[in-house]
Number of protein chains: 2
Amino acid sequence: MSSPDKVFEALASTTRRRILAYLSEGPLAAGAIAKRFDMSQPAVSKHLSILEAADLVWKRREGQFVNYGMNADNLGGVLAGFLQEVCPPSRALKAERRAEKGED
Amino acid sequence: MSSPDKVFEALASTTRRRILAYLSEGPLAAGAIAKRFDMSQPAVSKHLSILEAADLVWKRREGQFVNYGMNADNLGGVLAGFLQEVCPPSRALKAERRAEKGED
DNA sequence: TAATCATATAACCAATTAGCTAATAGGTGA
DNA sequence: TCACCTATTAGCTAATTGGTTATATGATTA
């Protein structure tokens with residue numbers, strides 16, 4: 001149930017995009033994420049809650065810890081949907097393919 | 001020379017994403033764009049300059065008019081680049097392909 | 001040159017954002 | 001229960017954003 005509005009708002013912050021990139025390597029507890037960033041732990045917590053509201057990450061309490069992980073499908077879906085809406089189809093898809101080349 | 005930072009900042013505004021979608025149908029003069037949106041002409045002008053700074057649109061003066069058009073390649077490139085950086089590759093690309101299906 | 005049309009810039013305002021520290025809540029284990 | 005650790009929420013501030021109206025710039029035409 002994540003609106004494109006929330007996703008793009010979430011992605012507008014460089015810090016949040018870096019958190020996502022960091023999470024792409026695998027799930028982590030909130031504190032472990034905070035340690036990597038040069039800001040207070042509450043600040044990171046707020047960023048995580050914005051990412052969660054956009055459904056870009058999931059969250060699961062495990063004992064004292066709260067683990068976060070990426071929702072890659074949702075991110076890909078929203079961005080691809082936007083590209084489809086906004087790009088003259090042929091050119092847009094070519095650009096994606098160019099970036100894909102060789103992967104997978 | 002458009003940084004991802006500027007692109008994501010530009011895309012953070014719903015109004016700007018709507019302007020892009022509108023421009024995807026073809027180039028238009030600033031005034032023609034402004035008429036479609038329920039806000040003042042200066043406000044739209046400012047949005048256009050932010051889109052231009054992110055290199056998401058081009059701008060060309062023609063007589064009294066200033067025409068704007070999309071830079072679809074740059075948009076696609078930045079978003080695809082980000083997906084590559086942030087998504088566990090296999091899943092991310094599958095999501096893009098799902099959205100592409102049938103197009104082109 | 002003066003009048004007019006199309007855009008952009010300036011100056012301002014209200015609302016939002018991103019950070020901080022301090023306080024609170026949730027969970028573990030002596 | 002108490003002490004301790006982890007994480008979130010509250011309350012604050014400074015900076016940024018997105019809009020406004022008024023003014024300035026640039027191009028055309030009489």
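Not measured: the values here are computed from a predicted model. Residue numbers begin at 1 in each chain, while the letters A, B, ... track the order of the sequences.
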Look at Asp5(A) together with Arg17(B) and state whether they make a salt bridge at an N to O cut-off of under 4.0 Å.
yes
Measure from CZ on Phe8(B) to P on dT17(C) and round the result to the nearest Å.
18 Å
Which letter, B, S or -, goes with each nucleotide of nucleotides 16-30 of chain D from 5' to 3', with contact meaning a protein heavy atom under 4.0 Å?
--BBBBB----SS--
Would Phe37(B) and Phe65(B) show up in the same hydrophobic cluster when neighbours are defined by side-chain heavy atoms closer than 4.5 Å?
no
What is the distance, rounded to the nearest whole Å, between atom CG of Asn67(A) and atom P of dG27(C)?
14 Å
For Ala21(A), enumerate each residue passing the side chain to side chain contact (heavy atoms under 4.5 Å, CB included) test, keeping only those at least two apart in sequence or located in another chain.
Glu85(B), Val86(B)
It should be established whether Tyr68(B) places a side-chain nitrogen or oxygen under 4.0 Å from OP1 or OP2 of nucleotide dA8(C).
yes
Is it true that Leu28(B) and Ile50(B) fall in one hydrophobic cluster, defined by side-chain heavy atoms closer than 4.5 Å?
no
Quick one: pull up CG in Leu48(B) and CD in Gln41(B) and give me the separation to the nearest 0.5 Å.
9.0 Å
Within the 4.0 Å heavy-atom criterion, would you say Ala34(A) contacts the bases, only the backbone, or no part of the nucleic acid?
nothing
Considering the options Asn71(B), Leu79(B), Val78(B), which one meets the side-chain contact (heavy atoms from CB on, under 4.5 Å) requirement together with Leu75(B)?
Leu79(B)
At 4.0 Å (heavy atoms only), tell me whether Lys35(B) reaches a base, stays on the sugar-phosphate, or touches nothing.
nothing
